[in-house]
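Source: prediction; values computed, not measured. Chain naming here is simple, since letters A, B, ... match the order of the sequence lines and numbering starts at 1 in each.
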Protein chains: 2
Amino acid sequence: MTLDARGGRPPTLSDVARLAGVSQSTASRVVNGSARRVDDGYRERVLGAARQLGYAPNIAAQAVARGASHRIALITGGIADAYFSAMTAAIMNAAEEIDLRVSLAVSSRRTERELELVRELRGEQPRAIILAGTGYTDSRSDPAVEAELLRYQETGGRVVLISRTDMPFETVYFDNFEGARRLAVEMVARGYRSPLLLGSDLPLRSMQERIDGFTAGFAEAGIAIPPSRVLRPGFHWDGARELLATLDDDVLASADLVFAVTDVLALGALNGLRERGIETPGRIGVAGFDDITTLRDVVPPLTSVHVPLDEVAAEAIHRATAAPEDLRRRVIPTHPVVRASTPPR
Amino acid sequence: MTLDARGGRPPTLSDVARLAGVSQSTASRVVNGSARRVDDGYRERVLGAARQLGYAPNIAAQAVARGASHRIALITGGIADAYFSAMTAAIMNAAEEIDLRVSLAVSSRRTERELELVRELRGEQPRAIILAGTGYTDSRSDPAVEAELLRYQETGGRVVLISRTDMPFETVYFDNFEGARRLAVEMVARGYRSPLLLGSDLPLRSMQERIDGFTAGFAEAGIAIPPSRVLRPGFHWDGARELLATLDDDVLASADLVFAVTDVLALGALNGLRERGIETPGRIGVAGFDDITTLRDVVPPLTSVHVPLDEVAAEAIHRATAAPEDLRRRVIPTHPVVRASTPPR
DNA sequence: TTGTATGCGTTATCAC
DNA sequence: GTGATAACGCATACAA
């Protein structure tokens with residue numbers, strides 16, 4: 001005896017209703033939890049039938065009937081990347097708490113791909129589209145993407161940006177400047193006097209703010225950081241590693257600290273220094289930014305600026321779902337976490 | 001002048017058809033690419049109207065009407081984890097190539113969550129559900145999960161397992177034993193004689209195969225690895241770190257190599273050794289398994305066994321979509337990659 | 001409380 | 001080639 005009413009196809013609500021001997025509406029009311037109450041006898045029978053058939057509600061049909069989905073779309077730069085994985089994980093957790101499914105899309109940091117994705121995702125009629133800073137398009141996003149998002153917004157969608165300020169939408173931003181400034185103050189207190197800064201070769205506002213904040217922190221102690229000591233390796237691990245491994249001896253000789261604008265870069269730098277045979281943190285301390293869990297636990301544990309991703313994610317989900325009047329612009333604070341990679345000098 | 005025909009709601013195909021002055025059927029034919037041809041004049045007008053309205057096809061409605069979606073569901077152990085991120089990225093890439101969207105769900109390695117997810121995902125009517133080895137439930141999965149998946153399969157779905165053999169479904173498996181065996185042979189050739197093995201404290205078949213393969217490789221050279229030299233730290237980074245950092249001196253004294261069943265564990269071990277002040281690879285070499293890109297580039301670069309995730313992903317997508325007759329059981333080969341973390345002795 | 005009827009946005013089957 | 005019309009699976013306003 002086979003269980004499914006119609007061979008090879010998933011059971012539908014009609015199948016359940018028929019087996020339970022009730023109308024489809026009644027079946028619908030018990031499986032979805034409508035406002036209306038259903039007689040306990042019927043309720044039992046429907047539930048039993050559903051279980052017996054192995055019924056699972058067709059989400060697409062529900063979305064069509066309801067005219068709205070329980071999804072949000074997340075466009076991220078890449079999931080193999082430690083920063084974006086952590087961010088994605090945080091957002092999925094936050095979304096799960098309020099029973100929102102996340103449609104994940106990866107732009108691989110290509111603007112044209114981003115446009116395609118926005119188009120595609122719009123078709124899923126998500127409650128909101130969240131774009132997590134891709135790290136490439138911060139200052140020069142495609143106008144077509146903006147237009148597409150604007151359309152989406154005009155037709156009832158919500159757009160939330162995380163750590164990017166290149167488009168006029170709700171933005172969750174964290175305090176890059178202040179976190180870096182406070183880190184710099186800590187570093188000065190620990191005796192560091194001559195930092196080398198690793199920025200980004202891309203014109204990213206968030207990264208520049210970290211440079212500026214750090215510079216400001218040292219300036220408070222009367223220490224100026226000349227532009228020549230701000231280096232701009234390629235955006236990734238290997239760029240930083242190579243830059244440090246091949247840097248002029250005399251530049252390095254006078255440095256006692258490397259501050260990189262991301263943890264990934266900091267680790268690249270750390271490895272570049274090691275390859276070169278320079279003892280860290282013995283001769284040169286290393287500090288990063290982001291405080292990604294999977295990255296900071298190296299030897300020596302990495303000093304960094306903590307970005308509370310859970311908070312960022314919660315704020316993003318809030319902006320994605322809350323009533324407009326509940327939205328106040330808020331910058332998430334960050335704070336330095338000093339670890340063994342920057343021992344007192 | 002506002003563009004949308006109906007204020008605040010996404011434009012529908014009817015809106016497009018109306019604006020273009022054609023029937024809904026014709027509009028449908030041009031926007032989706034049906035078999036039927038459409039007159040070029042009409043075609044242009046429909047496209048124009050769609051562009052003007054910023055039309056995006058409602059995916060859910062398409063899925064309902066077509067009776068099938070263009071999605072596959074992926075259940076993975078966690079995205080903040082380097083191994084699973086890499087796997088997820090590979091699968092999303094492979095899926096993208098054949099225009100399949102991936103619904104990502106994270107089980108956080110909890111079996112009961114896995115059951116919930118299968119239930120939920122079934123509702124999306126995906127073409128297939130892929131479960132990437134969670135690393136926890138390999139040998140003792142929940143019967144309820146299996147039953148649920150069986151139901152899904154009976155009603156036309158496809159189930160694909162990656163690196164787990166606990167349930168009777170299509171499985172993509174890679175050659176843990178042979179990869180580890182060949183790595184062991186290489187290590188012997190490089191002069192290593194007394195390895196310490198880091199397994200898993202969980203009864204995972206794949207992990208045991210790596211231990212067995214490595215042991216077999218040494219056995220070929222006449223070197224037996226006594227059970228006492230097979231350690232089982234917690235499954236993660238920190239477990240391995242702590243174990244190595246606190247291991248008895250005499251156990252360590254006689255060892256010249258640490259082989260861990262995953263790269264994550266290997267890095268934990270590497271850091272544990274460093275904390276302890278033991279020089280690597282000078283005094284003790286370190287090798288892992290998986291060859292995760294984001295993990296291997298440390299100092300020293302990590303010797304590992306390469307698992308071709310792109311191939312694994314392609315195979316999984318193939319099994320998820322190909323006709324049943326095209327399926328032949330195939331084990332993906334792996335191969336050792338020797339790097340600086342295991343210099344010749 | 002329950003059932004009937006209608007609608008959601010789309011595709012597919014049919015005549016034209 | 002094009003356009004009515006009937007599905008698809010589900011939710012809901014309304015009638016009973």
Side-chain angles (χ1 to χ4, degrees), chain A residues 4-6 8-46 49-50 53-70 120 122-126 155-156, chain B residues 4-6 8-46 49-50 53-71 122-126 155-156:
Chain A
D4 46 332
R6 306 168 330 174
R9 288 225 305 284
T12 71
L13 196 54
S14 305
D15 298 328
V16 174
R18 195 175 314 125
L19 181 61
V22 301
S23 78
Q24 205 198 83
S25 353
T26 302
S28 170
R29 294 195 254 266
V30 5
V31 300
N32 72 10
S34 115
R36 282 189 146 58
R37 277 272 303 249
V38 169
D39 180 87
D40 280 352
Y42 281 174
R43 166 172 227 85
E44 282 308 311
R45 280 166 56 188
V46 171
L53 292 175
Y55 171 77
N58 183 322
I59 307 283
Q62 285 187 329
V64 174
R66 290 187 170 131
S69 75
H70 276 188
E120 258 186 60
R122 272 227 293 154
E124 296 184 14
Q125 319 280 136
T155 56
Chain B
D4 47 333
R6 307 170 329 178
R9 288 227 304 286
T12 72
L13 197 53
S14 306
D15 298 328
V16 174
R18 195 176 314 124
L19 182 60
V22 300
S23 78
Q24 211 193 82
S25 329
T26 301
S28 171
R29 292 196 256 267
V30 4
V31 300
N32 70 12
S34 116
R36 280 188 147 58
R37 279 265 308 247
V38 168
D39 181 87
D40 280 351
Y42 280 175
R43 166 171 230 87
E44 282 308 311
R45 280 166 56 187
V46 171
L53 292 175
Y55 171 76
N58 183 323
I59 306 282
Q62 285 186 330
V64 174
R66 289 186 170 131
S69 75
H70 276 188
R71 317 188 134 241
R122 274 226 294 153
E124 297 186 13
Q125 318 281 133
T155 54

DNA chain D nearest-nucleotide lookup for B/Asp40 and B/Ala61: closer to the 5′ end is B/Asp40
Under 4.0 Å, heavy atoms only, any strand: does A/Thr26 hit a base, just the sugar-phosphate, or nothing? sugar-phosphate
Check side chain to side chain contact (heavy atoms under 4.5 Å, CB included) between B/Leu19 and all other residues, then give those that pass, not counting sequence neighbours. B/Ala49, B/Gln52, B/Leu53
CG on B/Asp39 to CZ on B/Arg29, rounded to 0.5 Å: 12.0 Å
Any A/Asn32 side-chain nitrogen or oxygen under 4.0 Å from OP1 or OP2 of D/dA11: yes
In whole Å, what is the span from the CZ atom of B/Arg37 to the C1' atom of D/dT2? 14 Å
Counting only side-chain nitrogens and oxygens, does B/Ser23 get under 4.0 Å of the OP1 or OP2 atom of D/dG3? yes
Rounded to 10°, tell me the angle between the two end axes of the helix from C/dG3-D/dC14 to C/dC16-D/dG1, each built from five pairs. 40°
Tell me: CD of B/Gln24 to P of D/dT5, nearest whole Å? 13 Å
Any heavy-atom pair between the side chains of B/Pro11 and A/Thr155 that's under 4.5 Å? yes
Options D/dA11, D/dG3, C/dT11, nucleotide nearest the side-chain atoms of B/Arg66: C/dT11
Got a sec, which residues hit salt bridge (Lys or Arg N to Asp or Glu O under 4.0 Å) with A/Glu120, two or more places apart in sequence or on another chain? none
Distances for protein N or O near nucleotides 14-16 of chain C N or O, under 3.5 Å:
none

Touch class at under 4.0 angstrom, heavy-atom based, for B/Val38 against every strand present: sugar-phosphate
Nearest-angstrom distance from the residue atom CG of A/Asn58 to C1' of D/dA11: 13 Å
Could you check how far CD1 of B/Ile59 sits from P of C/dT10, rounded to whole Å? 10 Å
Would you check if B/Ser14 and B/Arg18 make a side-chain contact, meaning some heavy-atom pair closer than 4.5 Å? yes
Measure from the side-chain heavy atoms of A/Val64 and tell me the nearest of D/dA11, C/dT4, C/dC8. C/dC8
The nucleotide from D/dA11, D/dG9, C/dT2 with an atom nearest the side chain of A/Tyr42 is C/dT2
I'd like to know if B/Ser25 reaches the base of D/dA4 with its side chain, counting only an N/O donor and acceptor under 3.5 Å. yes
Rounded to the Å, how far apart are B/Asp15 CG and C/dC8 P? 11 Å
Please list, chain by chain and in numerical order, all residues satisfying salt bridge (Lys or Arg N to Asp or Glu O under 4.0 Å) with A/Arg122, sequence neighbours excluded. A/Glu148
Protein-nucleotide distance (B/Glu124, atom CD; D/dC10, atom C1'), rounded to Å: 16 Å
Could you give all pairs that pass the side-chain hydrogen bond (donor to acceptor under 3.5 Å, both in side chains) test and reach residues 62-71 of chain B, with sequence neighbours left out? A/Glu124-B/Arg71, B/Arg71-B/Ser103
Between B/Leu13 (CG) and D/dC8 (P), how many Å, whole number? 20 Å
Please give, in whole Å, the distance from C/dT10 C1' to B/His70 NE2? 13 Å
Heavy-atom distance under 4.5 Å between the side chains of B/Tyr55 and B/Leu13, does that happen here? yes
Phosphate oxygens OP1/OP2 of C/dT11: is one of them under 4.0 Å from a side-chain N or O of B/Gln62? yes
Quick one: list whatever passes side chain to side chain contact (heavy atoms under 4.5 Å, CB included) with B/Ala61, sequence neighbours left out. A/Val64, B/Asn58
List the residues meeting side-chain hydrogen bond (donor to acceptor under 3.5 Å, both in side chains) with B/Ser25, not counting sequence neighbours, and say none if there are none. none
